[in-house]
Amino acid sequence: MSDFASTVSSIYSQALGVIESVEPRIAAATRAELSDQRASLKLIASENYASLPVLMTMGTWLSDKYAEGTIGHRFYAGCQNIDTVEDVAAEHARELFGAEYAYAQPHSGIDANLVAYWSILSHRIESPALERLGAKTVNDLTEADWEALRAEFNSQRVMGMSLDAGGHLTHGFRHNISGKMFRQRSYGTNPGTGLIDYDKLLADAREFKPLILVAGYSAYPRRVNFARMREIADAVGATLFVDMAHFAGLVAGKVFTGEEDPIPYADVVATTTHKSLRGPRGGLVLATKEYAASVDRGCPMVLGGPLGHVMAAKAVALAEARQPAFQTYAQAVADNAKTLADGLLRRGVNLVTGGTDNHLVLLDVGSFGLTGRQAESALLDSGIVTNRNSVPNDPNGAWYTTGVRIGTPALTTRGFGAAEFDRVAELITDVLKNTTPVATAAGAPGKARYDLAEGTAERTRAAAAELLAANPLYPGLEL
Ligand code: DSN
């Protein structure tokens with residue numbers, strides 16, 4: 001065991017011992033989570049494994065400080081160390097992504113998107129209204145002015161990718177605040193190719209005239225041309241907001257460059273830090289100088305006090321992502337996704353868009369007679385962790401679905417390469433071929449229950465265990 005692994009093992013063992021003496025169930029769940037993560041093929045496209053330095057950075061007293069406000073301009077005294085932490089995180093983010101401005105406070109992707117939306121409303125609607133009315137702040141408005149401004153906020157339009165085409169809830173879906181605070185129209189993908197149809201999107205945008213055009217996705221297995229998105233936004237006077245939560249690691253790792261890199265084209269970009277970027281659970285907003293001041297109003301506009309310990313861990317993760325090794329990792333994530341897609345296609349599995357050129361693959365399991373939920377459960381029984389996902393125009397709706405989304409960021413972190421991912425494709429296909437739907441008691445096609453042929457789960461778990469043992473998670477960490 002290396003000195004580092006042995007020191008970390010000792011630190012975590014002792015820390016868990018202390019936690020155990022206060023609340024044993026939490027120590028037990030923490031140990032169990034490590035065992036579970038070590039023992040399964042983690043293919044959830046939005047998950048990863050943060051490094052031990054990132055994880056350790058989160059366990060400190062930086063958590064204990066209130067620091068609402070911005071660097072050097074807080075609502076509490078004594079924030080000098082949180083100022084340093086936030087400043088270092090923002091500096092790494094600006095340098096890594098080549099962004100004019102970075103805001104490290106958001107606690108999650110949804111929070112980051114809310115900061116983005118409110119910063120755009122503030123810049124595009126509130127500031128011009130105040131200027132028009134000769135007011136410096138909303139406090140200077142009459143009740144009638146304020147009422148009119150609120151109505152103006154509520155009548156704005158947003159256009160984002162539809163959920164079943166791969167967009168995210170926060171891109172205007174009606175069960176999310178974004179679909180309630182804005183009038184929204186979504187864009188889908190071409191029914192034949194499954195790809196974004198930029199010409200149709202332009203025509204729709206000309207008709208709908210959104211204030212905000214959202215680009216980005218959670219389950220679209222292809223790259224986006226942000227130069228085209230910029231042209232469309234400009235043609236209708238929209239602000240271009242890119243949600244790169246899923247593919248931030250591929251941008252950071254220079255896999256997405258030129259027109260596939262959103263930073264030079266977007267006004268505001270939001271991301272999570274824990275997916276392909278491989279940092280702590282949290283969010284980040286990048287913006288042009290023009291939008292910086294309104295982004296800075298995120299806390300307390302829509303965010304609670306910043307989490308000093310998590311911003312510190314973001315700084316560590318972003319420093320890691322600036323190392324050359326991260327570019328090698330990001331390229332491997334994309335190469336492995338291609339290997340996985342090719343392996344599935346070769347074995348007869350249908351993929352939405354016929355493949356991938358990012359970090360994720362979307363299986364259409366309808367040809368196996370399965371719903372996404374049945375496939376997800378059968379795979380889980382077999383030690384393969386995925387999530388069910390809608391496919392375009394999904395006949396089974398958003399709960400049962402017809403798709404399964406799988407991604408390569410986590411297992412690539414463990415060291416899986418082409419041979420391992422081809423084997424994963426073989427295991428997934430074997431499970432799907434050996435799963436049959438079970439009809440309901442009334443004889444209708446069942447959407448949840450299924451039968452897994454005898455021996456399939458055991459056979460797959462044994463094969464997965466071999467792959468996992470050869471690519472250990474946190475090697476040398478013994479608790
Ligand atoms: N939970 C994230 C994902 O899985 O894509 C998005 O919210």
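Remember, it's 1-based here, ligands and their atoms both numbered in the order they're listed. Sequence positions, counted from 1, serve as the residue numbers for this chain. Predicted model, so just to flag it, every value in this text is computed and none were measured.
The aromatic rings of His246 and Tyr217 are tilted relative to each other, their planes meeting at an angle between 30° and 60°. Between Tyr117 and Phe241, the ring planes are perpendicular. Angles over 60° get that label, and only those under 30° would be called parallel.
Every residue two or more places apart in sequence or in another chain was checked for a ring-ring contact (aromatic ring centres under 6.0 Å, His included) with His274, and none qualifies.
Heavy atoms from other residues, nucleotides or ligands lying under 6.0 Å from CZ of Arg449 number 12 at most. Within a 6.0 Å sphere centred on CZ of Arg281, other residues, nucleotides and ligands contribute 12 heavy atoms or fewer.
The protein residues lying under 4.0 angstrom from ligand 1, judged by non-hydrogen atoms, are Ser46, His168, Ser218, His246, Lys275, Arg405.
Under the side chain to side chain donor-acceptor pair (under 3.5 Å) rule, Arg405 has a single partner from Ser218, Ser46, Ser390, which is Ser46.
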